[in-house]
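Structure first, commentary second.
What you see is a predicted model, and the numbers here were worked out from it, not measured in a lab. Values below: all heavy atoms of this structure, side chains included; hydrogens, waters and symmetry mates excluded.
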Amino acid sequence: MGADEHIAGRCEVGLHEARAELERLLADQRFHATDRAKRILRYIAERCFEGEKSGVKAYAIALDVLNRPACFDTNADPIVRIEVSRLRSALSYYYEAYGPELDVTVHLPVGRYLAVFTPSVVISKPTDEEMEEAENYVELSTEDAPAMTERSRAGIRRAQVYRVGAIAMALAAAGAAAASFVVGRPEMTVRPHVTVEMSAADDGHAAEADGVARYLVSALSKFRTLDIVARRQSPKAPVAASYEIELKYYAADDDRTVWWQVVDGLDGGVLKSGVDKVQLDGRSEAVVRSELVSILARRFASSRGVIGNLEAHDDAFAGALGNACVLRGEYALDEGGRESVAAARPCLERTLVLAPNNADAMAVLSRILVVTEGADPETADFAEATTLANRAVSVDPGSDRGYVALMLAHFYAGRTDAAIASGNRALALNPDNPDVLAKLAGVLYSSGYRAAGVTLAEDASENVEAVPRDARIVLALEAYRKGDWSNASLVSEQINCSDFVVRAIRAAALGEMGSTAAVGSLARLEEMLPDYRTSLKPWMERRRYPAEVIASLEEGLTKAERATAERTQAAN
């Protein structure tokens, strides 16, 4: 069999077309793969062009591309699997965004190191039989789907629809019997595209400003809430950058200041602006730069940051899949009650049917599987939650989201040491993410490491658009433990969520203070949890709260009950 015959049979397009797509892809600045990943892709593709049918061996990649010694052991060192996993993710995200404009695409089938080149598929209306089969597998009704005509400008700006070929591969990977395109299905959204541009207020500090910009881009790239893209893209690209972050750097004798604004990438409208300042205080330029970059990264890229809030509250994608589901799920976990958390689950599950390698969706769904059932070992599927979290970190080893999900799955299942190890891994991957700090703070505090938990909770509360719920809970519990009832009540009142423990802290703190407001606070707890006298303790035990914390809250609630009884007696 000749090379052209092989490409036509194995790679499904001609040799010339396949080579052209490989070179075009590797030269495209929108393809966000590392140089190492690109070398691996070229190596695997060239072997395909030479007639490789079954796929390249991991050992060959390790020696020929990664420069490992001849004694390299693929079983002991997973470097090849990790790098190829990252490459698959980069290819997936690239073709999800830009596939519709291309004639040929390339992917690496899971389980083999083989490059498969395929022509883009033209959308055609499925037969009635195909539609019925697809709808039986994926319960997608036209009532659930948003209108696909007359979309808002914001919807057009951020919508990223999967090409049909990608849907077919995703459904096949999920084990579907057929890979038919479902007409009118919700749109598949991806992370927003963001550009960064920094200028100095005076030429004398241009180099300093450039350094801050480089470090900021690096810090932003560690978040899984956005994708950093080149400043200018091809006018043929289906979607331009969603947001542009414009910054100006000011250097004074005693401080460094950055003025910033977040701009709509389509029409140039200013969405939000602000100023952040760091005092020198005799510190080195590197230390000041690090603090400034951390502040800015949190400001823009945390789940509740400027861009996250803009994306999460975009009504244009109320029924969309993909990144929109991930954002809604995270928002529900941080702000909503059990009903809103449970409501986020179907959207994430449907996302994974169409995009089974979406690490973000896996991570958030893992957390929802645990929290939906209140971490009750009788009903919560810890095994599935752990499997999803492990898959998330396997697909995207650099994902702090994935390791946070793994930490919480381990923690609620009673594997404390494994939970803390996963949390520390997430922190190492992205020390600027307040959500990571807050979640790890909660795990550490409940595991008896109070000082460390409080320190992380305080750090998570600084320079953020919204303080993460877990950080506030840790700070409220610590204030309560120290007998600072007023501060415990104040902090718990700032937590905007219908959480049993938050309402218990409010009522117990007011009870300890002897406040008449304890009566109303206790009534709200009882309205939410009528049998709280018997169910609150086991519920908190399932969530791994320390016994002394539970006991102290029960004591405060008893005082609140006493105040309620006295008020009732006085009224009679």
Side-chain angles (χ1 to χ4, degrees), residues 32 93 154 157-158 189-200 209-231 239-250 256-278 288-314 323-324 326-328 330-331 334-335 360 398-401 404 426-427 429-438 459-468 471:
H32 299 300
Y93 289 130
R157 173 163 57 84
R158 284 188 289 275
T189 57
V190 298
R191 299 170 188 162
H193 291 179
V194 175
T195 64
V196 177
E197 184 175 288
M198 171 85 79
S199 62
D210 185 60
V212 172
R214 290 198 311 273
Y215 277 89
L216 177 58
V217 167
S218 176
L220 292 174
S221 67
K222 295 176 183 177
F223 287 83
R224 291 305 186 261
T225 54
L226 50 80
D227 284 333
I228 301 295
V229 298
R231 176 64 184 170
V239 177
S242 297
Y243 303 99
E244 297 175 2
I245 301 175
E246 299 176 351
L247 312 102
K248 181 163 286 189
Y249 187 80
Y250 296 84
R256 296 292 183 267
T257 303
V258 171
W259 167 89
W260 55 264
Q261 63 180 14
V262 177
V263 177
D264 188 309
L266 180 66
D267 62 16
V270 176
L271 302 171
K272 190 163 185 177
S273 62
V275 175
D276 284 297
K277 179 184 294 187
V278 172
V288 172
R289 179 184 61 207
S290 177
E291 182 178 343
L292 189 56
V293 165
S294 178
I295 292 172
L296 293 170
R298 292 181 181 206
R299 185 81 67 211
F300 301 131
S302 64
S303 294
R304 301 292 302 282
V306 174
I307 293 174
N309 275 326
L310 289 169
E311 290 286 298
H313 296 94
D314 189 342
N323 191 62
V326 172
L327 292 174
R328 290 197 296 270
E330 285 190 324
Y331 190 85
D334 206 51
E335 288 287 326
D360 296 332
S399 171
D400 53 353
R401 259 182 182 151
V404 164
L427 188 62
L429 286 169
N430 192 356
D432 294 321
N433 192 340
D435 302 304
V436 172
L437 293 166
D459 191 3
S461 304
E462 295 179 357
N463 304 307
V464 292
E465 296 291 308
V467 178

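- Distance OG/Ser302 to CD1/Ile307: 10.0 Å, rounded to 0.5 Å.
- You'll find the side chain of Val293 stays beyond 4.5 Å of the side chain of Ser218, heavy atoms only.
- Residue pairs satisfying the salt bridge (charged side-chain N to carboxylate O under 4.0 Å, His left out) criterion with at least one member in residues 301-310, sequence neighbours excluded, are listed as follows: Arg304-Asp334, Arg304-Glu335.
- Side-chain contact between Asp435 and Val404 is absent, with no heavy-atom pair separated by less than 4.5 Å.
- Every residue two or more places apart in sequence or in another chain was checked for a side chain to side chain donor-acceptor pair (under 3.5 Å) with Lys222, and none qualifies.
- Partners of Asp400 according to the side chain to side chain donor-acceptor pair (under 3.5 Å) rule, which considers only residues two or more places apart in sequence or in another chain, are Asn430, Asn433.
- Residues satisfying the salt bridge (charged side-chain N to carboxylate O under 4.0 Å, His left out) criterion with Glu462, sequence neighbours excluded, are absent altogether.
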Criterion side-chain contact (heavy atoms from CB on, under 4.5 Å) on Tyr243 and Phe300, from CA distance to verdict: CA-CA 11 Å; Tyr243 303 99; Phe300 301 131; over 6 Å; no
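- Among all heavy-atom pairs drawn from Ala209 and Met198, the shortest one is O-CG, 3.6 Å.
- Residue Leu226 comes nearest to Ala301 through the heavy atom pair CD2-CB, 3.8 Å, listed as atom of the first residue, atom of the second, then distance.
- Looking at heavy atoms from C-beta onward, Thr225 lies in side-chain contact with Arg401 at the 4.5 angstrom threshold.
- Here the shortest heavy-atom pairing between Ser461 and Val464 reads O-CG2, 3.7 Å.
- Checked against salt bridge (charged side-chain N to carboxylate O under 4.0 Å, His left out), Asp276 has the following partners two or more places apart in sequence or in another chain: Arg299.
- Residues passing the ring-ring contact (aromatic ring centres under 6.0 Å, His included) test with Phe223: none are found, sequence neighbours excluded.
- Here the CG-CZ distance, from Leu292 to Arg256, works out to 10.0 Å after rounding to the nearest 0.5 Å.
- The OH atom of Tyr331 sits 7.5 Å away from atom CG of Asn309, with the distance rounded to the nearest 0.5 Å.
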Residues Arg298, Leu437; criterion side-chain contact (heavy atoms from CB on, under 4.5 Å); working and verdict: CA-CA 12 Å; Arg298 292 181 181 206; Leu437 293 166; 3.2 Å; yes
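- For the pair Leu216 and Leu247, the minimum side-chain heavy-atom distance is below 4.5 Å.
- Remark: the Ser294 side chain and the Asp432 side chain contain an N/O donor-acceptor pair separated by less than 3.5 Å.
- Between the CG atom of Asp459 and the CG atom of Leu427 there is a distance of 8.5 Å, given to the nearest 0.5 Å.
- Heavy atoms only, all atoms of each residue included: Ala438 and Ala471 are closest at CB-N, 3.7 Å.
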Derivation and outcome, side-chain contact (heavy atoms from CB on, under 4.5 Å), residues Ile245 and Leu296: CA-CA 10 Å; Ile245 301 175; Leu296 293 170; over 6 Å; no
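- Residues Asp360 and Arg191 meet the side-chain proximity criterion, which asks for heavy atoms closer than 4.5 Å.
- In this structure, Arg224 does not pair ionically with Glu330, as no charged nitrogen and carboxylate oxygen lie closer than 4.0 Å.
- Distance check, rounded to the nearest 0.5 Å: CD of Glu197 to NZ of Lys248 gives 10.5 Å.
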